[in-house]
Amino acid sequence: MDRKLYILQRLTALVLLPLIIGHLIVILYAIKGGLTSAEILGRTQGSLWWGLFYGLFVVSVAVHAPIGLRNILKEWTPLNNQTSSVVSFLFGLLLLILGSKALVGVIF
């Protein structure tokens, strides 16, 4: 199980790297251009491209981060493997829900 999670975390890291770089480029472009949040939303709403981009971002983070949290909980707390797994799963679910809500706000 740990080996599969290790591989899954590394794969999501590979997916996240270009997404994070793209996200930072967008932020720098928006800041340099002096765009307001309303202007940004006006450009992203209804866009399939931005929906796919940030949807993949949300899913990747919701998978990647809980795996790291699980390892931290196992190494740094007295929690057993099962409890660490449940806590990290719930954290991933929270990230997925909050990220999806943000995605809906940005796209629709």
Side-chain angles (χ1 to χ4, degrees):
M1 179 68 153
D2 285 345
R3 183 175 180 186
K4 289 179 183 178
L5 290 175
Y6 176 85
I7 292 169
L8 185 58
Q9 190 178 41
R10 293 331 182 250
L11 290 173
T12 55
L14 290 173
V15 171
L16 282 168
L17 180 62
L19 295 175
I20 291 168
I21 291 170
H23 179 68
L24 291 174
I25 289 170
V26 168
I27 289 171
L28 292 174
Y29 171 77
I31 291 172
K32 185 177 180 182
L35 295 175
T36 66
S37 57
E39 291 170 324
I40 293 170
L41 289 175
R43 293 179 181 199
T44 61
Q45 289 182 332
S47 171
L48 178 63
W49 159 250
W50 288 116
L52 292 173
F53 181 87
Y54 282 111
L56 183 59
F57 203 132
V58 166
V59 170
S60 297
V61 167
V63 171
H64 182 86
I67 296 170
L69 177 63
R70 179 179 177 268
N71 292 330
I72 291 168
L73 291 173
K74 283 174 51 179
E75 291 177 19
W76 289 85
T77 70
L79 299 177
N80 62 31
N81 285 347
Q82 185 177 8
T83 305
S84 297
S85 295
V86 169
V87 169
S88 62
F89 173 79
L90 292 174
F91 178 68
L93 191 59
L94 178 66
L95 288 175
L96 186 62
I97 291 167
L98 294 175
S100 297
K101 287 181 78 167
L103 181 64
V104 168
V106 169
I107 304 304
F108 299 107

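Note that the numbering runs from 1 along the sequence shown for the chain. Not measured: the values here are computed from a predicted model. Scope of the values below: all heavy atoms of this structure, side chains included, with no hydrogens, waters or symmetry mates.
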Given a cutoff of under 4.5 Å between side-chain heavy atoms of I, L, V, M, F, W and Y, with clusters grown through shared members, what are the other residues clustered with L48?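 Via sub-4.5 Å side-chain contacts, L48 links to L52.
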If hydrophobic residues (ILVMFWY) are linked whenever their side-chain heavy atoms come closer than 4.5 Å, directly or via other members, who joins I25 in its cluster?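 Other cluster members: L17, I21.
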Would a single hydrophobic cluster contain both [Y] and [X], if residues Ile, Leu, Val, Met, Phe, Trp and Tyr are joined by side-chain heavy-atom contacts under 4.5 Å?
X	Y	value
I27	I40	no
W50	V61	yes
L103	L19	yes
F57	L14	no
L56	V58	no

Looking at every heavy atom in both [X] and [Y], which two are closest together, and how far apart are they?
X	Y	value
T44	V106	OG1-O, 2.9 Å
L95	A65	CD1-CB, 3.8 Å
G51	I107	N-CD1, 3.4 Å
S84	L79	OG-CB, 3.6 Å
L69	S88	CD2-CA, 4.1 Å
G92	P66	CA-CG, 3.2 Å

Test: side-chain hydrogen bond (donor to acceptor under 3.5 Å, both in side chains). Region: residues 61-74. Which pairs qualify, not counting sequence neighbours?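 Non-adjacent pairs meeting side-chain hydrogen bond (donor to acceptor under 3.5 Å, both in side chains): D2-R70, D2-K74, T12-H64, R70-S85.
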Of all pairs that satisfy side-chain hydrogen bond (donor to acceptor under 3.5 Å, both in side chains), the ones with a partner from residues 13-27, not counting sequence neighbours: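 For residues 13-27, and leaving out neighbouring residues, the side-chain hydrogen bond (donor to acceptor under 3.5 Å, both in side chains) pairs sorted by first residue read H23-Y54.
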Could you name each residue pair satisfying salt bridge (Lys or Arg N to Asp or Glu O under 4.0 Å) that touches [range], not counting sequence neighbours?
range	answer
residues 12-27	none
residues 84-94	none
residues 13-33	none

[X]: what forms a side-chain contact (heavy atoms from CB on, under 4.5 Å) with it, not counting sequence neighbours?
X	value
I7	R3, L11
I97	L93, K101
E39	L35, T36

Which value, rounded to the nearest 0.5 Å, describes the distance between T77 atom OG1 and L73 atom CG?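 Those atoms lie 5.0 Å apart.
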Contacts of S47 that satisfy side chain to side chain donor-acceptor pair (under 3.5 Å) - sequence neighbours left out: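 Counting only residues at least two positions away or on another chain, S47 forms no side chain to side chain donor-acceptor pair (under 3.5 Å).
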Using modelled atom types only, decide if a donor and an acceptor are shared between the side chain of S60 and the backbone of L16 within a distance under 3.5 Å.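 Flag not set: sc S60 to bb L16 has no pair under 3.5 Å.
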Output every pair passing ring-ring contact (aromatic ring centres under 6.0 Å, His included) with a member in residues 70-101, not counting sequence neighbours, ordered by first then second residue.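 Matches after skipping sequence neighbours: none remain.
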